[in-house]
2 protein chains.
Amino acid sequence: MNIGDVARRTGLPAKTIRYYEDIGLVAPRRGANGYRSFGEAELHKLAFLGRARSLGFTIEDCRGLLELYEDKSRASADVKSIAREHLARIDAKISELTEMHRTLSHLVQECAGDGRPDCPILNDLAADAGSRDERTD
Amino acid sequence: MNIGDVARRTGLPAKTIRYYEDIGLVAPRRGANGYRSFGEAELHKLAFLGRARSLGFTIEDCRGLLELYEDKSRASADVKSIAREHLARIDAKISELTEMHRTLSHLVQECAGDGRPDCPILNDLAADAGSRDERTD
DNA sequence: TATAGACCTTCCACCAACTGGAAGGTCAAG
DNA sequence: CTTGACCTTCCAGTTGGTGGAAGGTCTATA
């Protein structure tokens, strides 16, 4: 299978597949013409990578997961541990974004959004940290 | 004021302040020794940038916000529009992360996490997209 | 057989928003 | 006069790719 077929079947861009080879996640054979030649195993690995990436695992997580995936005597605890750490990162990110959202949606609500220059959003950004928590509503 | 003082007073790393100068967000004067020399206005701008960045605005957003901040005849609608677009990006990111969280926490719950190799997390990652939505619980 | 167009190859540069570190100049205190 | 805390510039690396140029290959059709 050429890279274009693999790209179509996994949904990954060909560029990304080449990149994954570059960083050692897959190692397709080469045909006489120099073209990459992928087998079913390679295809599955790439689909696995695509799915793991879509769940937000980092490339290094993926490397670990792939290794466990191929190790038939793995302990599921090792997989679970990677997943749990990733889950914690997701939690942290969601909290951070939720806090930003809270603050910003409040400010947006307060802003008239008309032709006048007065703007609570800019006021907040310009205020020093100390005076920021004074609730005005 | 030298860069170190500004760093202490704004909470921004000196490296970041130099970077902001590089990309044209601030333009401190220079002393005879070549050191950057910051005035109060520069300090305020940097604090403004730090606050905007902490709310997740991109550097280009910040550039726009800073311009509006300095333009005393601005329309608050322009500020609100930048903020609203950013809010939409935050919303999208939260949704994406929440979906990842949902899927992953479900899988983590299902995984025994012991010494045995059988692992629902790896099973999910390895499954093709078609067979993934079959609920097992 | 020529040629068009769809493949494939490598390599280099770029994105955001910094961060780390090396090599070297400056300044104040003891 | 030296020590140590500053400051300077410049280069490279981070994450996870993406875009594009220059060029080789394959297949179908005229």
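Here is the naming used below: chain letters follow the sequence lines, and residue numbers restart at 1 for every chain. Side chains included, hydrogens not; waters and symmetry mates left out as well; all remaining heavy atoms used. Remember, it's a predicted structure, so these values are computed and weren't measured experimentally.
- A straight line from CD of Glu21(B) to P of dA17(C) spans 19 Å, rounded to a whole angstrom.
- The separation between Asp22(B) atom CG and dA16(C) atom C1' is 14 Å, rounded to whole Å.
- Taking side-chain N and O atoms only, Thr16(B) has no distance below 4.0 Å to OP1 or OP2 of dA17(C).
- Taking atom CD on Glu60(A) and atom C1' on dG13(D), their separation rounds to 15 Å, with Å as the unit.
- Judged by distance alone, with hydrogens and angles left aside, the side-chain atoms of His86(B) form a donor-acceptor pair with the main-chain N or O of Leu55(B) at under 3.5 Å.
- In this structure, of dT8(D), dC18(C), dT10(C), it is dT8(D) that holds the atom nearest to the side chain of Arg36(B).
- Ile3(A) comes within 4.0 angstrom of sugar-phosphate atoms only, judged by non-hydrogen atoms across all strands, and of no base.
- Criterion: ILVMFWY side-chain heavy atoms under 4.5 Å apart, direct or through other members. Under it, Tyr35(A) and Tyr19(A) are not part of a common hydrophobic cluster.
- Look at CE on Met1(A): it is 16 Å from C1' on dC8(C), rounded to the nearest Å.
- One interatomic measurement links the two molecules: CZ of Arg29(B) to C1' of dT8(D), which rounds to 18 Å at whole-angstrom precision.
- Nearest nucleotide to the Arg18(B) side chain, out of dT8(D), dT10(C), dA17(C): dT8(D).
- Of the candidates dC18(C), dG24(D), dT26(C), dG24(D) carries the atom nearest the Tyr35(A) side chain, counting heavy atoms from C-beta on.
- Rounded to an integer number of Å, the gap from Ile17(A) CD1 to dT9(C) C1' is 15 Å.
- Listed nucleotides dC18(C), dT9(D), dT25(D) differ in distance to Asn33(A); the shortest reach to its side chain belongs to dT25(D).
- Using modelled atom types, one finds a donor on one side chain and an acceptor on the other under 3.5 Å when comparing Asp91(B) with His101(A).
- Contact annotation: Arg63(B) side-chain N/O to dA17(C) OP1/OP2 distance is not under 4.0 Å.
- Of the candidates dC7(C), dT9(D), dT18(D), dT18(D) carries the atom nearest the Pro13(A) side chain, counting heavy atoms from C-beta on.
- Nearest nucleotide to the Arg53(A) side chain, out of dG17(D), dT10(C), dC26(D): dG17(D).
- In the set dG20(C), dG17(D), dC18(C), dG20(C) carries the atom at the smallest distance from any side-chain atom of Lys15(B).
- In this structure, the side chain of Asp5(B) engages the main chain of Asn2(B) through a donor-acceptor pair within 3.5 Å.
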Set out, in order, the CA-CA distance, both residues' side-chain angles and the distance that settles salt bridge (charged side-chain N to carboxylate O under 4.0 Å, His left out) for Lys80(A) and Glu85(A), then state yes or no. CA-CA 9 Å; Lys80(A) 191 167 181 172; Glu85(A) 272 173 42; over 6 Å; no
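- Between the P atom of dA16(C) and the CD1 atom of Ile23(B) lies a distance of 9 Å, rounded to the nearest Å.
- The phosphate of dC18(C) has OP1 or OP2 within less than 4.0 Å of a side-chain N or O from Tyr20(B).
- His86(B) has its NE2 atom 14 Å from the C1' atom of dA16(C), to the nearest Å.
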